[in-house]
Amino acid sequence: MRRTVLSATALACTAVLASALPAFADGASPVPSPVSATKTPSPAPSATAPAEDTPTTEPSEAPPTAMPTEDAGGSAATPVPSQVPVVPSGAPDTGAAPTSAESGAGGVLAGAGAAVALVGGGAAVVLVRRRRANEA
Amino acid sequence: MPVRLRIPAVGVDTPVIRLGLAPDGSVQVPPVTANDRAGWYEHSPAPGQTGPSVILGHVTVGAYGDGVFRHLARLRRGERIEARLENGTTAVFTVDTVRTVAKAEFPTDAVYGNVDRPELRLITCGGPRTGDGDEYRDNVIVFATLSRRGGTTARHRDTTASRHRGTTTSRQHDPGER
């Protein structure tokens, strides 16, 4: 009887152990599957990594786009408002030559000189005639 | 706006009138009168402001004889020019160069172009007369730079003017200058 009980107990333990191991194995297999699931996320980060790369490239591209806009601003600054907004054409005529005036003045002087000469000549003639009249 | 211009070295002390554009697009010049005056081009900066302030005057005024800028070509580097403004302040300039250029080659950019400091241009006619002798062939242009801003005393002006007169001998000549 004891033998039967012991053998049954041993058998039951064996059965429990035997059932437990495969159960462990089964249990372990789902665990690795989550591990494989962790592999799945790993590609995801790798996908996100490129996604991060893209943004990093985008910002690097963004500054160039910003640069041209700054350049555009600089080129817009090139036509700086002129300090003389209305620039005259040609050269200024800042000399009314005095030639005509000089000729006019010369003419006046010549006329005055001629008048003086005439008056002087007439006076001389009168004086000469008076002297001759006195002598006579 | 400038109201008076003094150039002690060549005996200029004149009121300043305002000048605009003539109908043909050239700059107006002061009227030919017995009491000749200088004129400030109203589209240029006032003396003392950043930019080329332009003041014009006649070298001769026909039957009236000498113009207010008759001896402008005698100016030398370092000599003083004083422009009194209507607000009572005086901008003091120092002559950099005196150029005589043919009117046909008037240096528009050098005269009216942007600069990074307050400068002054004095313009008159010069050189030999052309044609019937009624016109001058050249323009005399004085380029000056602001050296001081604010009021000045007569004694200081006289001493500095005489000092400049005694020490400055250099003068900028252009190929066309005689």
Side-chain angles (χ1 to χ4, degrees), chain A residues 58-127, chain B residues 19-22 24-30 32 36 39 41-45 49-54 56-67 69 72 101-109 111-115 119 123-127 129-130 132-136 138-141:
Chain A
E58 275 186 15
S60 65
E61 284 175 3
T65 55
M67 289 294 286
T69 52
E70 282 180 8
D71 281 353
S75 61
T78 302
V80 171
S82 178
Q83 293 162 346
V84 182
V86 182
V87 175
S89 63
D93 184 13
T94 44
T99 51
S100 58
E102 279 180 353
S103 68
V108 170
L109 284 175
V116 169
L118 278 174
V119 170
V125 168
V126 169
L127 281 175
Chain B
L19 301 173
L21 276 181
D24 64 353
S26 64
V27 65
Q28 278 182 338
V29 295
V32 176
D36 190 30
Y41 179 50
E42 64 182 355
H43 295 295
S44 70
Q49 293 181 350
T50 299
S53 184
V54 180
L56 306 103
H58 288 291
V59 63
T60 51
V61 279
Y64 303 107
D66 290 347
F69 281 174
L72 200 67
V101 296
K103 287 187 177 182
E105 299 168 3
F106 186 79
T108 301
D109 290 340
V111 171
Y112 298 108
N114 285 5
V115 292
E119 296 190 6
I123 305 176
T124 190
C125 285
R129 295 174 204 160
T130 60
D132 298 334
D134 294 336
E135 293 183 357
Y136 290 88
D138 302 330
N139 279 122
V140 175
I141 308 169

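Here is how names work: the chains are called A, B, and so on, in the same order as the sequence lines, proteins then strands, and each is numbered from 1.
- Note that the CG atom of A:D93 and the CG atom of B:N139 stand 8.5 Å from one another [nearest 0.5 Å].
- With chain A as partner, the option from B:V29, B:N114, B:T108 having the largest number of non-hydrogen pairs under 4.5 angstrom is B:N114.
- What you find for A:V84 and B:P52 is that their closest heavy atoms are CG2-CG, 3.8 Å.
- Remark: B:E119 engages B:R117, B:R121 in a side-chain hydrogen bond (donor to acceptor under 3.5 Å, both in side chains) (not counting sequence neighbours).
- Contacts with chain A were tallied for B:P45, B:A22, B:G20; B:P45 has the most, counting heavy-atom pairs under 4.5 Å.
- A donor-acceptor pair is defined here as one N or O able to donate and one able to accept, closer than 3.5 Å; no such pair exists between the side chain of B:S26 and the backbone of A:P92.
- Of the two parts of B:D24, only the backbone, made up of N, CA, C and O, holds a non-hydrogen atom closer than 4.5 Å to a non-hydrogen atom of chain A.
- At a 4.5 Å heavy-atom cutoff, the contact between B:L21 and chain A is made by side-chain atoms alone.
- Scanning all heavy atoms of the two residues, the minimum distance from B:V27 to A:P88 falls at N-CB, 3.6 Å.
- Proximity to chain A is absent for every atom of B:F69, based on heavy atoms less than 4.5 angstrom apart.
- Looking at B:T50, the atoms closer than 4.5 Å to chain A (heavy atoms on both sides) sit in the backbone and in the side chain alike.
- Under the rule for a ring-ring contact (aromatic ring centres under 6.0 Å, His included), B:Y112 has no partner lying at least two apart in sequence or in another chain.
- A donor-acceptor pair under 3.5 Å links the side-chain atoms of A:Q83 to the main chain of B:V115, judged by distance alone.
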